[in-house]
Engineer: 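Pasting in a structure now, in structure tokens, and then I'll have a few things to ask.
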Amino acid sequence: MAGPGFVRTLEKRDGSALRLQQRGAGGVGCVVWDAALVLAKFLERGAGALSLRRRAVLELGAGPGAVGIMAATLGADVTVTDLEELQDLLNINIEKNKHLVTGSVQAKVLKWGEDVKEFLPAPDYILMADCIYYEESLEPLLKTLKDLSGPDTCIICCYEQRTMGKNPEIERKYFELLQMDFELEKVPLEKHDEEYRSEDIHILNIRRKKTAGISHHEIFDHVI
């Protein structure tokens with residue numbers, strides 16, 4: 001765990017760098033996890049194809065804000081969200097990197113499972129990095145995804161597949177519940193950033209289902 005005041009630097013392709021303050025104490029939301037780095041660099045690599053410029057983007061479970069702030073440097077209009085206790089850290093990192101932002105970025109409190117009216121209409125993109133870890137948070141997270149997403153919203157989820165303890169069971173439950181309402185497409189590893197990639201870290205494109213009658217278990221086997 002990083003010590004107090006530790007800054008994580010994430011270099012961009014143009015030679016500039018995001019500087020992300022982390023905290024040595026305060027829980028999982030206070031550090032930049034590997035999945036966040038992988039997703040941030042994936043966004044940068046595919047910025048042209050994703051067309052983030054002037055798009056409305058919302059990040060869930062933003063922690064220090066690496067993914068959302070990267071999207072804002074690519075021209076997106078971003079809202080980074082997390083719990084009340086992480087707002088100070090998010091605002092510090094927005095301030096540290098505001099000179100790189102070509103869109104816009106703001107931090108707001110969003111607790112999964114609660115009212116999302118202030119975040120509507122539905123954003124073009126919802127970003128999530130390593131949000132699948134507590135079993136008790138799965139259903140609130142799924143409710144928030146359903147409440148926030150419209151028919152054209154693309155959810156980009158990046159997660160590190162973990163094999164310890166209850167992690168595999170939690171992941172399986174999450175994807176089985178998710179596929180009741182959403183369709184998933186795994187992004188091939190070769191489309192990840194050349195340097196920021198790992199066999200254990202997966203990126204999924206997720207969209208609201210348009211049709212019913214798809215086998216959940218069959219799709220899940222292809223996701224993992």
Side-chain angles (χ1 to χ4, degrees), residues 2 7-14 16-23 27-83 86-87 89-98 100-110 112 119 123-133 137 141 144-145 148-149 153-161 187 191-193 195-198 200-206:
V7 174
R8 183 71 180 259
T9 299
L10 178 59
E11 288 190 13
K12 295 188 66 192
R13 290 172 174 248
D14 63 7
S16 64
L18 297 182
R19 292 176 54 79
L20 300 155
Q21 184 82 31
Q22 302 183 113
R23 288 185 185 151
V28 295
C30 293
V31 295
V32 181
W33 295 96
D34 289 345
L37 298 175
V38 169
L39 182 51
K41 293 296 288 185
F42 169 75
L43 295 179
E44 185 186 29
R45 184 178 194 263
L50 288 170
S51 302
L52 287 175
R53 186 163 297 278
R54 299 273 73 90
R55 294 299 188 96
V57 172
L58 187 142
E59 184 183 3
L60 295 177
V67 176
I69 294 171
M70 174 66 87
T73 72
L74 301 171
D77 294 318
V78 181
T79 303
V80 287
T81 70
D82 213 310
L83 300 174
L86 286 158
Q87 297 302 300
L89 184 60
L90 279 169
N91 281 307
I92 286 168
N93 285 330
I94 289 171
E95 182 66 21
K96 275 183 179 292
N97 296 285
K98 66 180 182 180
L100 300 175
V101 171
T102 57
S104 66
V105 58
Q106 61 178 329
K108 288 190 176 182
V109 175
L110 175 54
W112 299 342
F119 300 98
D124 298 303
Y125 292 96
I126 296 172
L127 306 176
M128 303 164 51
D130 251 353
C131 288
I132 313 163
Y133 40 81
S137 73
L141 174 56
T144 293
L145 287 175
L148 278 174
S149 58
T153 301
C154 179
I155 302 165
I156 307 178
C157 170
C158 185
Y159 72 100
E160 183 170 355
Q161 192 171 357
V187 176
K191 291 191 176 179
H192 297 203
D193 181 83
E195 181 181 353
Y196 289 82
R197 64 168 66 172
S198 166
D200 298 325
I201 297 178
H202 307 285
I203 300 175
L204 305 175
N205 288 324
I206 303 171

Engineer: Applying the side chain to side chain contact (heavy atoms under 4.5 Å, CB included) test to I126, which of T144, T81, I155 qualifies?
Structural biologist: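 Of the listed residues T144, T81, I155, the side chain to side chain contact (heavy atoms under 4.5 Å, CB included) partner of I126 is I155.
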Engineer: Kindly indicate whether the side chain of L141, heavy atoms from C-beta on, has any atom under 4.5 Å from the side chain of M128.
Structural biologist: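 Contact flag for L141/M128 side chains = yes.
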Engineer: With sequence neighbours left out, write down each residue that passes side-chain contact (heavy atoms from CB on, under 4.5 Å) with K98, or none if nothing qualifies.
Structural biologist: E95
Engineer: When you compare the side chain of T153 with that of L148, does any pair of heavy atoms fall below 4.5 Å?
Structural biologist: no
Engineer: So V32 and Q22, side-chain contact (heavy atoms from CB on, under 4.5 Å) or not? Walk me through it.
Structural biologist: CA-CA 7 Å; V32 181; Q22 302 183 113; 3.4 Å; yes
Engineer: For K41 and L10, work out which heavy atoms get closest and say how close.
Structural biologist: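 Reported closest heavy-atom pair: CD-CD1, 3.9 Å.
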Engineer: Report the C-alpha separation of H202 and Q161 in whole Å, then their side-chain angles, then the decisive distance to 0.1 Å, and conclude whether the side-chain contact (heavy atoms from CB on, under 4.5 Å) test is met.
Structural biologist: CA-CA 7 Å; H202 307 285; Q161 192 171 357; 2.6 Å; yes
Engineer: Within a strict 4.5 Å, meaning less than it, do heavy atoms of the E160 and D130 side chains meet?
Structural biologist: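 The answer is yes, as the side chains (C-beta and beyond) meet within the 4.5 Å cut-off.
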Engineer: Do the non-hydrogen side-chain atoms of I132 and C157 ever get within less than 4.5 Å of each other?
Structural biologist: yes
Engineer: Applying side chain to side chain donor-acceptor pair (under 3.5 Å), name anything that partners K96, two or more places apart in sequence or on another chain.
Structural biologist: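 With neighbours one apart ignored, the set is empty.
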Engineer: So, do L127 and V78 sit near enough that their side-chain heavy atoms are less than 4.5 Å apart?
Structural biologist: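 No, side chains not in contact.
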Engineer: I'd like to check the side chain to side chain donor-acceptor pair (under 3.5 Å) partners of T102; sequence neighbours left out, ordered by chain and number.
Structural biologist: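 Applying side chain to side chain donor-acceptor pair (under 3.5 Å) to T102 gives none.
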Engineer: Might you point out which heavy atoms bring A36 and A129 nearest each other, and give the distance in Å?
Structural biologist: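 Looking at all heavy atoms of both residues, the closest pair is CA-CB, 3.7 Å.
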Engineer: Enter the distance from L110:CG to F119:CZ here, rounded to the nearest 0.5 Å.
Structural biologist: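 CZ of F119 is found 4.5 Å from CG of L110.
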Engineer: As an exercise, state the distance from OH of Y196 to CG of L39, rounded to the nearest 0.5 Å.
Structural biologist: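 With rounding to 0.5 Å, OH (Y196) is 13.5 Å from CG (L39).
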Engineer: What salt bridge (charged side-chain N to carboxylate O under 4.0 Å, His left out) pairs are there with at least one residue in residues 67-77, not counting sequence neighbours?
Structural biologist: R54-D77
Engineer: Can you give each donor-acceptor pair under 3.5 Å made by side-chain atoms of residues 56-68, sequence neighbours left out, with the distance rounded to 0.1 Å?
Structural biologist:
from: E59; atom 1: OE1; to: G68; atom 2: N; distance (Å): 2.8

Engineer: How many angstroms lie between CZ in R8 and CG in L20, if you round to the nearest 0.5 Å?
Structural biologist: 9.0 Å
Engineer: Is there a side-chain contact between M70 and L74, using heavy atoms and a 4.5 Å cut-off?
Structural biologist: yes
Engineer: With S198, which residues qualify under side-chain contact (heavy atoms from CB on, under 4.5 Å), at least two apart?
Structural biologist: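 For S198 the side-chain contact (heavy atoms from CB on, under 4.5 Å) partners, ignoring immediate neighbours, are D200, I201.
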Engineer: When rounded to the nearest 0.5 angstrom, what distance separates CZ in F42 from NE2 in H192?
Structural biologist: 6.5 Å
Engineer: In Å and rounded to the nearest 0.5 Å, what is the CG to CH2 distance from L83 to W112?
Structural biologist: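 If I round to the nearest 0.5 Å, the distance is 8.0 Å.
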Engineer: Going by the rule salt bridge (Lys or Arg N to Asp or Glu O under 4.0 Å), which residues pair with K191 if we only count those two or more places apart in sequence or in a different chain?
Structural biologist: none
Engineer: So which heavy atom on A107 is nearest to which on L90, and how close?
Structural biologist: CB-CB, 3.9 Å
Engineer: Checking the side chain of R55 only, and the main-chain atoms of D124 only, is there a donor and an acceptor separated by less than 3.5 Å?
Structural biologist: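 The answer is no, because no donor-acceptor pair under 3.5 Å joins these two groups.
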Engineer: Measuring from L43:CG to I156:CD1, what's the distance to the nearest 0.5 Å?
Structural biologist: 5.5 Å
Engineer: Shortest non-hydrogen contact from A35 to C158?
Structural biologist: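 Result for this residue pair: O-SG, 3.3 Å.
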Engineer: Can you name the residues that form a side-chain contact (heavy atoms from CB on, under 4.5 Å) with R19, not counting sequence neighbours?
Structural biologist: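 Listed in chain order: V7, T9, N97.
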Engineer: Test of understanding: with salt bridge (Lys or Arg N to Asp or Glu O under 4.0 Å), list the residues that count as partners of D193, not counting sequence neighbours.
Structural biologist: R13
Engineer: Which residues pass the side chain to side chain donor-acceptor pair (under 3.5 Å) test with T73, sequence neighbours left out?
Structural biologist: K12
Engineer: Not counting sequence neighbours, list each pair that qualifies as a salt bridge (charged side-chain N to carboxylate O under 4.0 Å, His left out) and has a residue in residues 63-73.
Structural biologist: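 Residue pairs passing salt bridge (charged side-chain N to carboxylate O under 4.0 Å, His left out), neighbours aside: none found.
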Engineer: The criterion is side-chain contact (heavy atoms from CB on, under 4.5 Å); which residues satisfy it with E11, sequence neighbours excluded?
Structural biologist: A17
